[in-house]
Asker: 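Provided herewith is a single structure, encoded as structure tokens, for subsequent inquiry.
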Amino acid sequence: MLKFDWNILWTLINLLFFFVLIRLTLFKPIKKVLDKRQELIDNQFEDAQNAQNEAQSLKAEYQSELDNVQNEKTQIIVDARADAKVEYDKIVERANADAEKIKADARKSARLETEKARLAVKEEIAELAMDTAQKIVEESSSKEIDRDIYNKFLNESSDE
């Protein structure tokens, strides 16, 4: 026959009682602490994810600004080169115009100098002719000699 032992029943009741007591006093507070920690960790992960997303958006924004700065730099360089080319063309054009003016002035000056030289030669010839005529007049004065001198002078002048 089976014998029922009350000790087993009391042991079971004590075990259940301690289980409920431990569960109420120990498991619930530990579960609350674990839940709070889990919530804190979840919040930290969420904050970290938000910070990472914000950092990514800032990175994209800075990259966009950097690209804009690069484009502006390129445009400034292109504009500066175009301005420099225009200025270079102006300087070359001015230099060519100045060179042409200098050449024209030099030609004009050369013509004037040539004309002055011709006038000086003519004056010198006239002086020589006058001196020669004066010497001849002093030596003798005859119509034949005067005519010969005159013809000779005309021949010499036409040769030059």
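Excluded from the calculations below are hydrogen atoms, water molecules and symmetry mates; all remaining heavy atoms, backbone and side chain alike, are included. These numbers come from a predicted model, not from an experiment.
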Asker: To the nearest 0.5 Å, what is the distance between CD1 on Ile125 and NZ on Lys122?
Answerer: 9.0 Å

Asker: Let me confirm one number: the CZ-OG1 distance from Phe18 to Thr25, rounded to the nearest 0.5 Å.
Answerer: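 So the CZ of Phe18 and the OG1 of Thr25 are separated by 10.5 Å.
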
Asker: Between Leu58 and Tyr62, is the side-chain contact (heavy atoms from CB on, under 4.5 Å) condition met? List the steps.
Answerer: CA-CA 6 Å; Leu58 285 174; Tyr62 290 146; 4.2 Å; yes

Asker: Check Lys101 with Asp105, please: is the shortest side-chain N to carboxylate O separation under 4.0 Å?
Answerer: no

Asker: If I take atom NZ from residue Lys36 and atom CD from residue Glu39, how far apart are they, to the nearest 0.5 angstrom?
Answerer: 9.0 Å

Asker: Looking at Glu65, I'd like to know if its CD atom is crowded, meaning that more than 12 non-hydrogen atoms belonging to other residues, nucleotides or ligands lie closer than 6.0 Å.
Answerer: yes

Asker: Is there a path from Ile22 to Leu34 through hydrophobic residues (I, L, V, M, F, W, Y) whose side chains come within less than 4.5 Å of each other?
Answerer: yes

Asker: Evaluate the criterion side-chain contact (heavy atoms from CB on, under 4.5 Å) for residue pair Asp83 and Glu87; output intermediate values, then yes/no.
Answerer: CA-CA 6 Å; Asp83 291 345; Glu87 191 64 28; over 6 Å; no

Asker: Quick one: do Lys28 and Lys31 satisfy side-chain contact (heavy atoms from CB on, under 4.5 Å)? Show the steps, please.
Answerer: CA-CA 5 Å; Lys28 281 191 178 182; Lys31 185 162 176 22; 5.6 Å; no

Asker: Inspect the surroundings of CD in Glu124 and state if more than 12 heavy atoms from other residues, nucleotides or ligands are less than 6.0 Å away.
Answerer: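 12 or below, so no.
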
Asker: Under a 3.5 Å threshold, yes or no: a donor from one side chain and an acceptor from the other, between Asn96 and Glu100?
Answerer: no

Asker: I would like to know whether Gln49 and Glu46 meet side-chain contact (heavy atoms from CB on, under 4.5 Å); could you show each step before the answer?
Answerer: CA-CA 5 Å; Gln49 186 64 36; Glu46 186 178 321; 5.6 Å; no

Asker: Return the CG to CD1 distance between Asp35 and Ile30, rounded to the nearest 0.5 Å.
Answerer: 12.0 Å

Asker: Does a side chain donor of either Asp79 or Gln75 reach within less than 3.5 Å of an acceptor in the other side chain?
Answerer: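 Gln75 and Asp79 do have a side-chain donor-acceptor pair below 3.5 Å.
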
Asker: Please round to the nearest 0.5 Å and tell me the distance separating atom CD1 of Ile8 and atom CD1 of Ile13.
Answerer: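 So the CD1 of Ile8 and the CD1 of Ile13 are separated by 12.0 Å.
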
Asker: Would you say the side-chain atoms of Ser64 pair up with the backbone N or O of Ala60, donor to acceptor, closer than 3.5 Å?
Answerer: no

Asker: Going from CG on Asn7 to CG on Leu12, what distance comes out if it is rounded to the nearest 0.5 angstrom?
Answerer: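 Reported value, rounded in 0.5 Å steps: 11.0 Å.
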
Asker: Against Tyr88, only a single residue in Val86, Val92, Ile91 fulfils side chain to side chain contact (heavy atoms under 4.5 Å, CB included); can you say which?
Answerer: Val92

